[in-house]
Every structure is written in structure tokens, then in C-alpha cells.
Q: 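I am attaching a structure below and will ask some questions about it afterwards.
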Amino acid sequence: MQFFTWKLWEQVNSNNDAVSTRANNAWMRNHKAYDAQLRPLLARFNKRNRRFWSGDAVDLHDGQVVRVTIGDAVNADVFADWPKSWRTRVEIEVVDRGARMHCVLRYGQVEAVDARLREGGWSDGGTVFHTWGYDELTAEGADTFRHSILFATGGELSIVFRRFSYMRRRLPAGQ
């Protein structure tokens, strides 16, 4: 994470007013810098994906991470039909904060997956993902992007990719 770090997130939530105020000011500066670097990146996506990356399609902050899948034959059923092609993909399933939407983020043409996982932070314990905190989309190259996710545990997951899509569907009321 370049803009929204675990250390800064902890400081924003500090009980020390001076620390919290400084961190909030830094957070706002970082937010402006992040938005400035994001604008040109959005033009590289189709309209639907621009809505996702700009936060207009769904808000994943405080969402519950259901599943993270990384593999060369994601969703392949090797018992029914051996995969015809092997391509590294990543899928992340998240339920939004209000438990209204189930989202599946799909990353294709994956070049790297970096993880720094840990238990603790503000999660319920015993998990390394649990709650989606903040995320950033940055350029990794001319046609490559990096999506970095900071979890409430303090862990991070970063995916370098070229293709992206997402699916969302409404959950039944009362879930």
C-alpha cells in the first residue's frame, strides 16, 4: 500500500488526539494524491470497470472476505473435464458491509501476487483476511495494474494484473 498504510490507519484510530489529528490530515493528503493518480488510470478501463474502481458500483470497505482463490485453473472441475488452458487467475469474494451485495472480483493475466498476512488488528481473531479495510489501484506498467488491499488484520494482498472483471448480485433480505 502506498497511500493508505496500516501504520497510518492505526494512528487515525489513536486515543492520542494529537496523533489522531496529524494522521487524519495525512490521510486526507494521501486521499487527494491517490485520487489524482487514479483519474488517468480509470480511462484505461471500460465504463463498467471505471464504476467499480471509482467506488460507484459497490463499497467494499468493512466488507467480509468470503474467499480468496489463486490458481492456474480457477473454477476448473478436473473430475469432469481437464482444463484446456492453464492461466493464473485470482478471484476474491466479498460481502459488502451491509450484507446486501455479494461481489466476485476476477483478475486475469496475473503477473504477481504478493501477500503479507497476519492475524490480529481489528478482526475477530483467528483469520488473516476477514474484513476488507482499504484498497488502492495503481499503475504497474503501461498495460498492467496493481490492486493492493489492506485488511483489518493489518495484512495486505497485492495483485498485479492486466484484465479485470467483477460480478455482483443482491443477497436475499435477512442474510
Q: Check for me, please, whether Met167 and Val58 land in the same ILVMFWY cluster - side-chain distances under 4.5 Å, paths through other members count.
A: no
Q: Go through Trp132 and Ile149 one step at a time and tell me if the side chain to side chain contact (heavy atoms under 4.5 Å, CB included) criterion holds.
A: CA-CA 7 Å; Trp132 187 289; Ile149 306 158; 3.5 Å; yes
Q: Quick one: are Gln2 and Glu136 in side-chain contact, heavy atoms under 4.5 Å?
A: yes
Q: Can you see whether His102 engages Glu93 through a side-chain donor-acceptor pair at a distance of less than 3.5 angstrom?
A: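 Short answer, yes.
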Q: Apply the side-chain contact (heavy atoms from CB on, under 4.5 Å) test between Val90 and each candidate in Leu157, Ile159, Leu105; give the one that qualifies.
A: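 Among Leu157, Ile159, Leu105, the one meeting side-chain contact (heavy atoms from CB on, under 4.5 Å) with Val90 is Ile159.
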Q: Between Arg146 and Thr138, is any side-chain donor less than 3.5 angstrom from a side-chain acceptor?
A: no
Q: With sequence neighbours left out, what residues match Asp135 under salt bridge (charged side-chain N to carboxylate O under 4.0 Å, His left out)?
A: none
Q: Less than 4.5 Å apart, side chain to side chain, heavy atoms only: is that true for Val95 and Leu171?
A: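 Counting from C-beta outward, Val95 and Leu171 do come under 4.5 Å.
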Q: Report the residues that fulfil salt bridge (charged side-chain N to carboxylate O under 4.0 Å, His left out) with Asp143, sequence neighbours left out, ordered by chain and then residue number.
A: Arg162
Q: So does Val12 get a backbone contact from the side chain of Ser20, meaning a donor-acceptor N/O pair under 3.5 Å?
A: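 It does hold such a pair.
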Q: Rounded to the nearest 0.5 Å, what separation is found between the CD atom of Glu156 and the OG1 atom of Thr5?
A: 8.0 Å
Q: Evaluate the side-chain proximity of Arg67 to Glu91: yes if any heavy-atom separation is below 4.5 Å, no if none is.
A: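 No. Closest side-chain heavy atoms not under 4.5 Å.
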Q: Side-chain donor-acceptor pair under 3.5 Å between Ser14 and Asn16, yes or no?
A: no
Q: Does Phe52 belong to the same Ile/Leu/Val/Met/Phe/Trp/Tyr cluster as Val160, with side-chain heavy atoms less than 4.5 Å apart forming each link?
A: no
Q: Mark yes or no for whether Thr144, through its side chain, and Glu140, through its backbone, hold a donor-acceptor pair below 3.5 Å.
A: no
Q: Just how far is it from atom CE of Met101 to atom CZ of Arg168, taken to the nearest 0.5 Å?
A: 4.5 Å
Q: Can you tell if the side chain of Val94 reaches within under 4.5 Å of the side chain of Asp96, non-hydrogen atoms only?
A: no
Q: Would you list the pairs meeting side chain to side chain donor-acceptor pair (under 3.5 Å) in which at least one residue belongs to residues 43-53, sequence neighbours left out?
A: none
Q: Over all heavy atoms of both residues, which pair between Arg116 and Gly154 is shortest? Give the atoms and the distance, please.
A: NH2-O, 3.0 Å
Q: Considering only heavy atoms from C-beta outward, does the side chain of Leu150 approach that of Trp6 to under 4.5 Å?
A: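 Touching, per the 4.5 Å side-chain cut-off.
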Q: Establish, yes or no, whether a centroid distance under 6.0 Å links the rings of His31 and Phe3.
A: no
Q: Any chance you could measure Thr153, atom OG1, to Phe129, atom CZ, to the nearest 0.5 Å?
A: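 Result: 8.5 Å between the selected atoms.
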Q: Measure the shortest side-chain to side-chain distance between Tyr107 and Ile92 over non-hydrogen atoms and say whether it is less than 4.5 angstrom.
A: yes
Q: Are Val113 and Val104 joined in one hydrophobic group, where the rule is that I, L, V, M, F, W and Y side chains link up if heavy atoms are under 4.5 Å apart?
A: no
Q: What's the spacing between Ser54 OG and Asp35 CG if we round to 0.5 Å?
A: 10.0 Å
Q: Under a 4.5 Å side-chain heavy-atom rule over Ile, Leu, Val, Met, Phe, Trp and Tyr, are Tyr134 and Leu41 clustered together?
A: yes
Q: What orientation do Phe45 and Phe164 show, parallel under 30°, tilted 30 to 60°, or perpendicular over 60°?
A: perpendicular
Q: Does some side-chain heavy atom of Phe151 sit less than 4.5 Å from a side-chain heavy atom of Thr131?
A: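 A side-chain contact under 4.5 Å is absent here.
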Q: Can we say Asp72 and Arg87 salt-bridge, meaning some charged N sits less than 4.0 Å from an Asp/Glu carboxylate O?
A: no
Q: The test is side chain to side chain contact (heavy atoms under 4.5 Å, CB included); show your working for Leu137 and Tyr34 and say whether it passes.
A: CA-CA 9 Å; Leu137 177 71; Tyr34 174 70; 3.8 Å; yes
Q: With under 30° as parallel and over 60° as perpendicular, where do the rings of Trp9 and His61 fit, or are they tilted in between?
A: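 Plane angle between 30° and 60°, so tilted.
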Q: Are Trp27 and Leu8 packed together at the side-chain level, in the sense that at least one heavy-atom pair is separated by less than 4.5 angstrom?
A: yes
